[in-house]
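Worksheet: one structure, shown below.
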Protein chains: 2
Amino acid sequence: MLTDRQLLILQVIIDDFIETAHPVGSRAISKKEEIPYSAATIRNVMADLEDMGYLEKTHSSSGRVPSEKGYRYYVDQVIAPTIQESNLNVVKHIIQDGFVEFETLVQKSAEILSDLTTYTSIILGPEIYETKLKQLQIVPLTQHTAVAILITDTGHVEHRSFSIPDAIQSSDLEKMVNILNERLKGVSLIHLPDVLNNEVVSLMRKYVNDFEKSYEYLKSAFFDEQPAKLYIGGKSNMLMQPEFKDVEKIRSFYSMMENEHEVINLLKNTQNGIKVKIGHENNVDAIKDFSLITASYQLGDEQMGTIALLGPTRMEYRKVITLLNALSNEMTEALYLWYKSNG
Amino acid sequence: MLTDRQLLILQVIIDDFIETAHPVGSRAISKKEEIPYSAATIRNVMADLEDMGYLEKTHSSSGRVPSEKGYRYYVDQVIAPTIQESNLNVVKHIIQDGFVEFETLVQKSAEILSDLTTYTSIILGPEIYETKLKQLQIVPLTQHTAVAILITDTGHVEHRSFSIPDAIQSSDLEKMVNILNERLKGVSLIHLPDVLNNEVVSLMRKYVNDFEKSYEYLKSAFFDEQPAKLYIGGKSNMLMQPEFKDVEKIRSFYSMMENEHEVINLLKNTQNGIKVKIGHENNVDAIKDFSLITASYQLGDEQMGTIALLGPTRMEYRKVITLLNALSNEMTEALYLWYKSNG
DNA sequence: TATTAGCACTCAAGAGGATAGAGTGCTAAC
DNA sequence: GTTAGCACTCTATCCTCTTGAGTGCTAATA
């Protein structure tokens, strides 16, 4: 447990370092208004804080720099208790421009977020599994091609083009779609494969000629994989950070960000609420010098998606956490209102 | 006009520099098998080539580096005449995996392209204006929201969500869509606004209550702006290039690439065929050290889209031009077959 | 006359050394 | 418990020196 004085000094050091990115020396601290101690006293306290692992030196006679443990303490003990529930009015603003589909809303919020923070924002789009099927359609283009369109009750639209083998009659396809629409309307996407296999298959086998083949085609068009929607904003913001002087660091950062799969993994398994992962806590080597702050938005108990900000460990935690907190509240609220109005 | 010897030496210098990224000295050249001259002779030739503007020095006693004029000559006189029509079989490969919409095809080709070259690929998606409307649909989601879906004969799907003001009856919307479908089917997207204003408006005014408002909504949903589809692949490839040691360069490159608008402008106004723009020829300061090679694919005389590769001026022109040429031929061919089979 | 060998010269890049400045730790005094 | 003072440490920067790759020019050669 830290004494009041130790805490004060830790705080001042971290604030200073976050602002300047330079190691902080005892003399600079003692000059600050809120600090009534001399440089020598500060030095003693700093030595203690270093022993406890909250501070580090870059070399034996340098000023101090916060360690990951230091940031952790700062975030948990200093920042977290003081976060005020606030409202950003970002979402409201976007919605006022007219109805938008939820995905667009998320994307725009993300852009705003990265502009506001000069860090990189990452958004894992609303998990569409929980949304329900509104309508399924097949529009023939030519004799051998067609496009299948799937519309959810949130206004999300998925579409796939596919070709129709000679063996399949277009009337068969039509019949099939009719059956599908009748049976699947209102079913949530995550249950779609189940319902499909249990209830619909037998029905279709009865009415549709050469059913197996048609079914295979439809199935592969829609139900095989639902790619997660990933938005990344402000990647070049990162280049403004002074810690990015090293080309090698830039390289590893960017090639990681180009790999969708890896980024998605980073955001997965986040629980509700705000989560701060500092440096090595991310367990990913490419971002061992970064902190990732994630927030999720949800409907009821169901998590819908994740918003995150990625920046150097020397991040403006207070600002970022406040922002993300406000935004995730707004998103959750917007989602709730949405579903309520959907009855 | 260059003598044979001058041309030979210019060629060797450019090839060498493209490979190593180091200024090329006279001694190194004279050691090459295909060069029967001594270093001193080479020096005289090099001095002449420099006087003519084909070569440059980085400092007064450095080796020579190709100038933009040098690259220009190299591309126009050395490379261009030797390009062989070839086929990459990329497109065929993708199409064999099943019917895909044209946009997907373009995107996949782009990925392959950037992997193959270690440069950055940029693709301006098929201009959808020339394609024809297949079907227009409005699917109501709730009492106050709906999603409008537009399907083209190429299998391209656009969708917009919008809210329905109280004043508008859903039966009116339905009527409207029926009229639109009847009248607009088969109209090419680029003529849509005209036909809409000239033929359809009067008809609708007759049948639809409170038409003006509904119309405004539909119009804003679809016909205001068609965002060009832009794909960029292998941005981090650029970081592998040795010329990218300077963080400032990286910064200006990446912030330019994040600005869709600017990138689109770069590719616009490309004519048919392969076009090579070297360094300052691009008229964009951020890529004054880059070359941009563009190829378009078309249907008949109508240009459909543009494929481009962006790399350092020290680019493997032969390889890139051959690749792009092959790919654009393939795309054009695929497009032709496509439309033919559409009757 | 065209080519080549030879030599003086130039410049960038890297190594080594000196210096200034910001910082520390420790000790003794308050 | 706090602070002043001092010796010490390390980095960053600047300067100088050296090396090596390269050039241009001139005189000799084929």
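Atoms considered below: every heavy atom in the structure, side chains included; atoms not considered: hydrogens, waters and symmetry mates.
- If you check C/dT3, D/dT2, D/dT9 against the side chain of B/R5, the one that comes closest is C/dT3.
- The pair A/K108-A/E111 does not meet the salt-bridge criterion, since no charged nitrogen lies less than 4.0 angstrom from a carboxylate oxygen.
- Of the candidates C/dG25, D/dT3, C/dT4, D/dT3 carries the atom nearest the A/A40 side chain, counting heavy atoms from C-beta on.
- The interatomic distance linking B/D48 (CG) with C/dT3 (P) rounds to 11 Å, in whole Å.
- Looking at A/Q77 and A/R72, their side chains never bring a donor and an acceptor atom within 3.5 Å of each other.
- For the pair B/S60 and B/R43, both in contact range of DNA chain C, the more 5′-proximal nearest nucleotide belongs to B/R43.
- At a threshold of 4.0 angstrom between heavy atoms, the contacts of A/T41 include nucleobase atoms, whether or not backbone atoms are also involved.
- For B/R64, whose side chain is taken as the heavy atoms from C-beta onward, the closest listed nucleotide among D/dG24, D/dC10, C/dG25 is D/dG24.
- Taking atom CD on A/Q6 and atom P on D/dT2, their separation rounds to 12 Å, with Å as the unit.
- In this structure, NZ of A/K57 is placed 8 Å from P of C/dT24, rounded to the nearest angstrom.
- Checking D/dT23, D/dG24, D/dT9 against every side-chain atom of B/S26, the shortest atom distance belongs to D/dT23.
- The CD1-C1' distance, from A/I42 to C/dG25, rounds to 15 Å in whole Å.
- If you measure from atom CG of B/D16 to atom C1' of D/dG22, you get 14 Å, rounded to the nearest angstrom.
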Test B/K249 against B/E243 for salt bridge (Lys or Arg N to Asp or Glu O under 4.0 Å), laying out the working first.
-> CA-CA 9 Å; B/K249 265 194 193 171; B/E243 24 271 283; over 6 Å; no

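- When each of C/dT10, D/dT23, D/dT9 is scored by its nearest atom to the side-chain atoms of B/S61, the top-ranked nucleotide is C/dT10.
- In this entry the distance linking NE2 of A/H59 with P of D/dC8 reads 19 Å, nearest Å.
- Nearest to the side-chain atoms of A/Y37 among the listed nucleotides C/dG25, D/dT3, D/dA21 stands D/dT3.
- C/dT24 atom C1' lies 15 Å from atom CD1 of A/I9, rounded to whole Å.
- Rounded to a whole Å, the CD atom of B/E50 is 15 Å from the C1' atom of D/dC25.
- For A/D16 and A/K32, the salt-bridge test passes: some basic side-chain N is under 4.0 Å from an acidic carboxylate O.
- For B/Y254, the ring pair (Phe, Tyr, Trp, His ring centres under 6.0 Å) partners are A/Y254, not counting sequence neighbours.
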